[in-house]
Protein chains: 2
Amino acid sequence: MAKLKSAALEKSSHLEYFNIAVSVDCVIFAYAEKALKVLLIQSDLEEFAGMYSLLGDLVRPDEDLDEASYRVLRERTDLHDVYLEQVHTFGNLNRHPSGRVITTAYYSLINLKNNKLQLTHNELSWHDVNKVRKLAFDHKQILDTCLQRLREKVLEQPIVFNLLPEKFSLRELQDLYEAILGVELDRRNFRKRIILKDWLIDLNEMEVDVPHRPGKLYKLRPSLKRNGKLSVKSEQKLTA
Amino acid sequence: MAKLKSAALEKSSHLEYFNIAVSVDCVIFAYAEKALKVLLIQSDLEEFAGMYSLLGDLVRPDEDLDEASYRVLRERTDLHDVYLEQVHTFGNLNRHPSGRVITTAYYSLINLKNNKLQLTHNELSWHDVNKVRKLAFDHKQILDTCLQRLREKVLEQPIVFNLLPEKFSLRELQDLYEAILGVELDRRNFRKRIILKDWLIDLNEMEVDVPHRPGKLYKLRPSLKRNGKLSVKSEQKLTA
DNA sequence: AAGAGTATATGTACTTCTTACACATTGTGT
DNA sequence: ACACAATGTGTAAGAAGTACATATACTCTT
């Protein structure tokens with residue numbers, strides 16, 4: 001922006017340079033049926049008839065970029081304090097058939113149990129991330145990029161808990177990690193590592209209504225809760 | 001973008017939604033005098049008189065986002081195949097005093113030895129990253145974010161070689177890592193680790209004109225060269 | 001030419017982390 | 001009461017990381 005003078009913003013270059021629209025797209029992850037799911041909507045562009053796309057919207061001139069992605073989430077899920085992370089901005093010339101639109105991709109992690117309104121917006125549906133083949137625009141690439149980022153992040157930071165109910169067993173937690181990472185984990189080693197990280201608090205409660213020996217229930221240590229606003233400072237490196 | 005119809009792009013929302021300008025800002029890193037340097041320019045906005053800012057420009061309606069950052073680099077450094085990585089997009093409402101501008105930050109790594117034209121653009125100057133206190137706009141935050149990303153990345157990927165000449169000694173390489181990470185490293189352990197990573201080729205040459213016992217010279221294994229285009233696929237995890 | 005100065009080159013013991021792996025226990029359902 | 005299914009737990013071997021000291025090669029000074 002060094003060369004940009006105030007004058008330039010108000011005069012001739014205006015028409016020329018304000019020809020780019022700015023949007024956000026949200027990759028909304030949830031966990032259900034032992035699979036990582038992503039919330040998609042039927043595309044309403046005729047170019048992409050019958051295809052699904054991510055949830056997104058143009059950024060309003062009077063809202064912060066991050067705020068725009070929160071708004072998309074609020075409008076779609078009625079959830080407020082969701083975990084949200086910016087991942088990448090996609091700005092290829094022809095990524096949008098109707099014009100020049102650059103989009104900033106975010107992913108968010110929500111807990112389906114808190115969220116009954118899945119059917120309020122009936123064009124929306126949940127899809128197993130491993131079964132998504134093709135999406136409108138460059139949304140498959142956006143999804144892949146966000147998924148990769150999520151995979152890196154869950155190894156270091158206690159963010160997966162945003163996908164789980166308040167109370168969970170170690171088995172549920174391990175299933176979730178396996179769903180995200182797409183690998184099988186050794187149960188004993190997993191338990192050892194997760195306990196070492198000191199993320200969890202033992203609730204001294206047990207699972208109920210399971211058709212086998214019930215497991216202990218845990219919750220995330222409250223000081224590590226990270227739903228809500230972005231831009232975390234002083235990150236505790238959690239593998240170290 | 002799901003809700004955006006072609007019609008919307010051409011009708012009333014046009015004026016409303018194309019009021020956001022899009023820019024790129026480049027954090028151009030180089031290595032000199034055993035310090036990591038960043039290329040800055042005197043701000044030409046009166047709001048920031050006397051302050052420095054990063055190098056950036058508005059994205060043109062007919063160029064890809066990544067292309068815009070390459071252009072900024074080309075225009076400023078006359079370098080072509082530079083390492084460039086997108087880091088984050090900053091979109092706060094009031095980050096630019098003259099209007100609504102969202103900017104995507106990139107960092108690049110260049111080799112000062114290849115680059116004689118430092119003085120062609122005489123408003124430009126190199127600054128030790130540790131001594132930069134305040135910059136125009138939110139550029140200090142952008143610099144910090146890019147530096148943090150660089151620090152994470154150099155531990156995993158063989159990218160620091162973009163900052164060094166073709167041939168270098170292990171001491172030079174270690175000095176560079178120390179400058180980037182801001183820590184002292186143990187020489188024997190550093191050599192062991194870097195050899196283990198198998199990034200280097202022993203040139204069977206020696207340093208010359210050093211006032212002490214000369215060290216061996218190495219170069220980066222050619223298959224790992226990564227200057228040039230972005231978006232690396234199949235990244236070899238290099239710590240693993 | 002000798003000696004001081006400076007940086008290179010190299011290996012080992014200790015600790016920590018990672019991985020592989022088996023058996024007794026506790027609840028449900030029939 | 002018995003089959004079933006999942007929980008809960010420890011140890012040994014290998015890999016990776018850390019701390020640390022001495023001999024060597026070249027330059028510069030006198």
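Below, chains carry the letters A, B, ... as their sequence lines are ordered, and counting in each starts from 1.
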Nearest heavy-atom pair of [X] and [Y]: which atoms, and what distance?
X	Y	result
B/D202	B/L217	OD1-O, 3.8 Å
B/R151	B/I180	NE-O, 2.8 Å
B/Q174	B/D186	NE2-C, 4.1 Å

Problem - Which residue lies more 5' along DNA chain C, comparing B/S169 with B/N189 via nearest heavy atoms - result: B/S169

Practice task
Please figure out whether A/P214 or A/R187 has its closest DNA chain C nucleotide nearer the 5' end.
Solution key: A/R187

Handout entry: Nearest-0.5 Å distance, CG of residue A/L200 to NZ of residue A/K219
Key = 11.5 Å

So if I take every side-chain heavy atom of [X] and compare against [options], which nucleotide ends up nearest?
X	options	result
B/H212	C/dT6, C/dG11, C/dG27	C/dT6
A/R213	C/dT19, D/dA19, D/dG8	D/dG8
A/R191	D/dC26, D/dG8, C/dT8	D/dG8

Practice task
Please say which of B/F161, B/Y177, B/W199 ends up in a ring-ring contact (aromatic ring centres under 6.0 Å, His included) with B/F168.
Solution key: B/F161

To the nearest Å, give me how far apart [atom1] ([X]) and [atom2] ([N]) are.
X	N	atom1	atom2	value
B/K216	C/dA9	NZ	P	7 Å
B/D209	D/dA25	CG	C1'	16 Å
A/L170	D/dG8	CG	P	6 Å
A/E172	D/dT7	CD	P	10 Å
B/D186	C/dT12	CG	C1'	13 Å
B/Y218	C/dA9	OH	C1'	9 Å
A/F190	C/dC21	CZ	C1'	18 Å
A/L196	C/dT19	CG	C1'	14 Å

Handout entry: side-chain N/O B/R193 vs D/dT18 OP1/OP2, d < 4.0 Å
Key = yes

Problem - Along DNA chain D (nearest heavy atom to each residue), the more 5'-positioned of B/P211 and A/K192 - result: A/K192

Handout entry: C/dA9 base / B/R171 side chain donor-acceptor hit below 3.5 Å
Key = no

